[in-house]
Amino acid sequence: MNFTPFLGNVWMPTSASTVSDDTDMIFYFIHYLSAFFFAAIVAATIYFALKYKKRGENDKTSPLEHNSKLEFWWSFIPGLLLVVMFVWGFDQWLKLQVPPANAMNVRVTARQWSWQFDYPKDGITTGELVVPVNTPVKLTMSSSDVIHSFFVPEFRVKKDVLPNRYTVAWFEATEPGEYNVFCTEYCGKDHSRMITRVQVKSAADFEAWRETGGVPPGTSPAEAGKIFYKSFGCNQCHSDDGSGNTGPTFLGLYGKTETLSDGSQLPVDDNYIRESIEIPGAKVVQGFQPRMPSFKGKIKDKQMIALIEFMKTLSK
Ligand code: HEC
Ligand SMILES: [Cu+2]
């Protein structure tokens with residue numbers, strides 16, 4: 001789980017996509033309009049309550065029954081405002097629905113309780129969404145279990161992620177940086193930990209990332225393993241500091257004797273780790289649910305070695 005602190009004001013997180021300012025304008029319009037009418041109506045209620053308070057036995061109720069002119073205007077003006085809200089909101093909603101034709105494609109898979117991003121053209125799989133700045137990105141999303149929801153507050157993009165069906169969202173980030181991705185549909189025990197990041201990189205940095213699959217040149221295998229541990233999203237379920245999570249911690253894992261769900265024991269070596277990553281269901285650790293997705297075909301040989309070398313550094 002990675003959490004990047006919010007920047008922004010008391011109302012809104014930073015605005016970092018091409019649609020976020022327009023979406024905020026609609027929010028502010030509706031908000032201040034409602035605040036204005038709330039104040040006006042409460043003030044008028046108090047004023048009339050005092051003005052027409054019954055002051056004595058002979059104080060009679062006004063004979064006035066209604067006022068057609070007033071009734072017309074207090075229906076017409078709110079009606080008009082409602083139409084403005086609807087047309088403005090609907091127009092913005094349409095913009096959010098339709099990704100530009102030149103958008104870059106990324107597939108999003110949500111599951112209890114992690115995110116996975118696949119770049120079909122590059123054969124890259126990651127647990128963090130990495131995108132170039134000023135480029136439209138189209139997300140084709142689905143869930144492998146229950147309903148989740150993809151939400152990046154800074155982009156003002158939120159869309160449900162459903163099993164057995166694809167939903168589409170898109171955004172164009174305007175500021176390089178790191179932003180949180182939250183799941184905003186309650187999806188079980190660790191829903192609140194289902195957080196990852198969007199990294200918005202400059203065009204050059206993004207190209208470099210794409211070339212190397214996320215590792216700077218000259219990185220040692222163990223250091224690269226630490227990067228993959230995050231970029232494949234292992235850290236969404238496995239800690240490296242001994243703390244509990246959906247999966248067992250990696251701290252002290254390599255070389256220890258593991259107990260499986262059927263009570264059998266075996267040493268944690270390279271082969272066991274590889275099998276755990278490629279066929280997670282083959283041997284399930286005692287006390288854990290078989291929640292891990294298979295990374296077979298997604299983690300290349302060098303990356304596998306790097307991950308194992310990284311785990312070794314946690315067992316010293
Ligand atoms: C959605 C959560 C999730 C993600 C993401 C995930 N795992 Fe797991 N992993 C688990 C769970 C749960 C277990 C324990 C159950 C089992 O053995 O299948 C587990 C077990 C393991 C084990 C065996 C641990 C032991 O104590 O014997 C290894 C090794 C492992 N995972 C490595 C990885 C690596 C490497 C990644 C990233 C490429 C990863 N996992 C991503 C949930 C996850
Ligand atoms: Cu979720």
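Start at 1 and go down the list; that is how both ligands and their atoms are numbered. Heavy-atom basis, side chains included; hydrogens, waters and symmetry copies ignored. The shown structure was predicted, so the numbers you read here are calculated from the model rather than taken from an experiment. One-based numbering along the sequence shown.
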### Message
Looking at Arg210 and Glu207, is any side-chain nitrogen of the basic one under 4.0 Å from a carboxylate oxygen of the acidic one?
### Response
yes

### Query
Can you list the atoms of ligand 1 that are under 4.0 Å from a heavy atom of Phe288?
14 (C), 15 (C)

Show which side-chain atoms of residues 80-107 pair as donor or acceptor with protein atoms under 3.5 Å away, not counting sequence neighbours.
unit_1, atom_1, unit_2, atom_2, d
Asp91, OD2, Lys95, NZ, 3.4
Gln92, NE2, Val19, O, 3.3
Gln92, NE2, Thr23, OG1, 2.9
Gln97, OE1, Lys159, NZ, 3.0

#### Entry: Polar protein atoms near atom 8 (Fe) of ligand 1 [N, O or S; cut-off under 2.8 Å]
His238 NE2, Met292 SD

### Heavy-atom nearest neighbour in the protein, as seen from atom 17 (O) of ligand 1, with distance rounded to 0.1 Å
Val285 N, 3.1 Å

### Message
For Val133, is there any backbone N or O sitting under 3.5 Å from a side-chain donor or acceptor partner on Thr135?
### Response
yes

### Query
Between Lys201 and Phe206, is NZ or CZ placed under 6.0 angstrom from the six-membered ring centre and within 45° of the ring axis?
no

### Query
Taking the six-membered ring for Trp, are Tyr179 and Phe155 ring centroids under 6.0 Å apart?
yes

### Task
Evaluate the ring planes of His31 and Phe27, with Trp represented by its six-membered ring, and classify them as parallel (under 30°), tilted (30 to 60°) or perpendicular (over 60°).
parallel

### Message
Are any of the N/O atoms on Gln112, whether in the backbone or the side chain, positioned under 3.5 angstrom from an N/O atom of ligand 1?
### Response
no

### Message
Is the ring pair Tyr229/Phe310 parallel, tilted or perpendicular, if the boundaries are 30 and 60 degrees?
### Response
tilted

### Task
Pull up every protein N/O/S atom sitting under 2.8 Å from the Cu ion (ligand 2), skipping waters.
His148 ND1, Cys183 SG, Cys187 SG, Met194 SD

### Message
Once you measure the plane-to-plane angle for Phe117 and Phe150, does it fall in the parallel (<30°), tilted (30-60°) or perpendicular (>60°) bin?
### Response
perpendicular

### Task
Return the minimal non-hydrogen interatomic distance between Asp118 and Thr109, and the atom names on each side.
OD2-OG1, 4.3 Å

### ILVMFWY cluster, Met311 and Phe288 together (side-chain gap under 4.5 Å)
yes

### Task
Identify, by atom number and element, the atoms of ligand 1 in contact range of Gly233, meaning under 4.0 Å from any of its heavy atoms.
5 (C)

## Note on the structure
Correct closest heavy-atom pair for Cys234 and Phe250 would be CB-CE1, 4.3 Å

### Task
Just jot down the ligand 1 atoms closer than 4.0 angstrom to any heavy atom of Phe232, in number order.
38 (C)

### Task
Find all atoms of ligand 1 within a distance of less than 4.0 Å from any non-hydrogen atom belonging to Thr246, and give their numbers and elements.
12 (C)

### Query
ligand 1 versus Tyr272, non-hydrogen atoms closer than 4.0 Å: side chain, backbone, both, neither?
side chain

## Note on the structure
Per-atom filter on ligand 1: closer than 4.0 angstrom to a heavy atom of Ser114 are 1 (C), 5 (C)

### Pairs satisfying salt bridge (charged side-chain N to carboxylate O under 4.0 Å, His left out), at least one member in residues 12-35, at least two apart
Asp24-Arg156

### Query
Would you call Phe250 a ligand 1 contact, heavy-atom distance under 4.0 Å?
yes

### Summary
Nearest non-hydrogen protein atom to atom 15 (C) of ligand 1, with distance, is Gln289 O, 3.5 Å

### Query
Has Thr249 got any heavy atom lying under 4.0 angstrom from an atom of ligand 1?
no

### Query
Is there at least one pair of N or O atoms, one from Leu253 and one from ligand 1, spaced under 3.5 Å apart?
no

### Task
Could you find the nearest protein heavy atom to atom 26 (O) of ligand 1 and give me its residue, atom name and distance?
Glu258 OE2, 2.3 Å

### Non-hydrogen atom of Lys283 closer than 4.0 Å to ligand 1
yes

### Query
Which atom names give the shortest non-hydrogen contact between Trp115 and Gln236, and what distance separates them?
N-OE1, 2.7 Å

### Task
For Ile299, counting its heavy atoms only, list the atoms of ligand 1 lying under 4.0 Å from any of them.
38 (C)

### Query
What closest approach, in Å, do Val161 and Ala110 show between heavy atoms, and which atom pair accounts for it?
CG1-CB, 3.8 Å

